[in-house]
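Okay, so here's the structure we're looking at.
This structure is a prediction, so every number in the text was calculated from the model and none was measured.
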Amino acid sequence: MPDIQISRNHSLGLAAARAHAKRWGEKAAEKFGVQCEYDAGETQDLLRFSGNGVDGQLRVTASALELEAELGFLAAMFKDSIEAKINAQFDALLA
C-alpha cells in the first residue's frame, strides 16, 4: 500500500491535464532532485518519479489526477509535510 495517495478530479481534459502534469514533473525534478519519466497514452498518461527516498507515479486522465508514492525511511519522517505540499501543488494546478 502506498504511503501517500492523492486523487483529484478535474474538468481539464487530457491535453491540458497532460501539460500540467509534465510541468509538475519538471518542477519536482528541479526542487526535489527526483528523476521523472513520462509515458503518454491515448486515454491516460503515467508519470513515474524516483529519487531522494521517494518512488511513485502520477496517473493522468481526462478527468482525474491520481498520485501514489512510497517513501523511504528518512522521507517517511516528513510524510505529512510532503503530502501537504503535493496537495497544495495540485490545488494550484487545478485552480
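- Residues R18 and V60 share a closest heavy-atom pair of N-CG1, 4.0 Å.
- Taking CD of Q35 as the start and CG of N52 as the end, the distance is 9.5 Å to the nearest 0.5 Å.
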(request) Given side-chain contact (heavy atoms from CB on, under 4.5 Å), test S7 with L65 step by step and report yes or no. (result) CA-CA 6 Å; S7 182; L65 298 175; over 6 Å; no
(message) Test side-chain contact (heavy atoms from CB on, under 4.5 Å) on R8 and D91; report intermediate values, then the result.
(response) CA-CA 9 Å; R8 288 283 197 291; D91 288 345; 2.8 Å; yes
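- More than 12 non-hydrogen atoms from other residues, nucleotides or ligands lie less than 6.0 angstrom from CD of Q5.
- A salt bridge is defined here as a Lys NZ or Arg NE, NH1 or NH2 lying under 4.0 Å from an Asp or Glu carboxylate O, and D55 with R48 fails to meet this definition.
- A salt bridge between E26 and K22 is absent, with no side-chain N of the basic residue lying under 4.0 Å from a carboxylate O of the acidic one.
- Residue G53 comes nearest to A75 through the heavy atom pair O-CB, 3.5 Å, listed as atom of the first residue, atom of the second, then distance.
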(message) Could you go through I4 and L71, starting from their C-alpha distance and side-chain angles, then the distance that decides it, and tell me whether this counts as side-chain contact (heavy atoms from CB on, under 4.5 Å)?
(response) CA-CA 8 Å; I4 295 176; L71 303 176; 3.9 Å; yes
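- When all heavy atoms of L14 and G41 are compared, the pair lying nearest together is CD2-O, 4.2 Å.
- For the pair I82/F32, no side-chain contact is recorded, criterion being any heavy-atom separation below 4.5 Å from C-beta on.
- Between F90 and L67, the closest side-chain pair of non-hydrogen atoms falls below 4.5 Å.
- For the pair S63/N9, no side-chain contact is recorded, criterion being any heavy-atom separation below 4.5 Å from C-beta on.
- Without hydrogens or angle criteria, H10 side chain to L94 main chain gives no donor-acceptor distance under 3.5 Å.
- Inter-residue side-chain proximity for F49 and W24 is flagged as met; some heavy-atom pair is nearer than 4.5 Å.
- For the salt bridge (charged side-chain N to carboxylate O under 4.0 Å, His left out) test, no residue two or more places apart in sequence or in another chain qualifies with E66.
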(request) Just do the side-chain contact (heavy atoms from CB on, under 4.5 Å) check on I6 and N87 with the steps written out, would you? (result) CA-CA 7 Å; I6 297 172; N87 274 310; 3.6 Å; yes
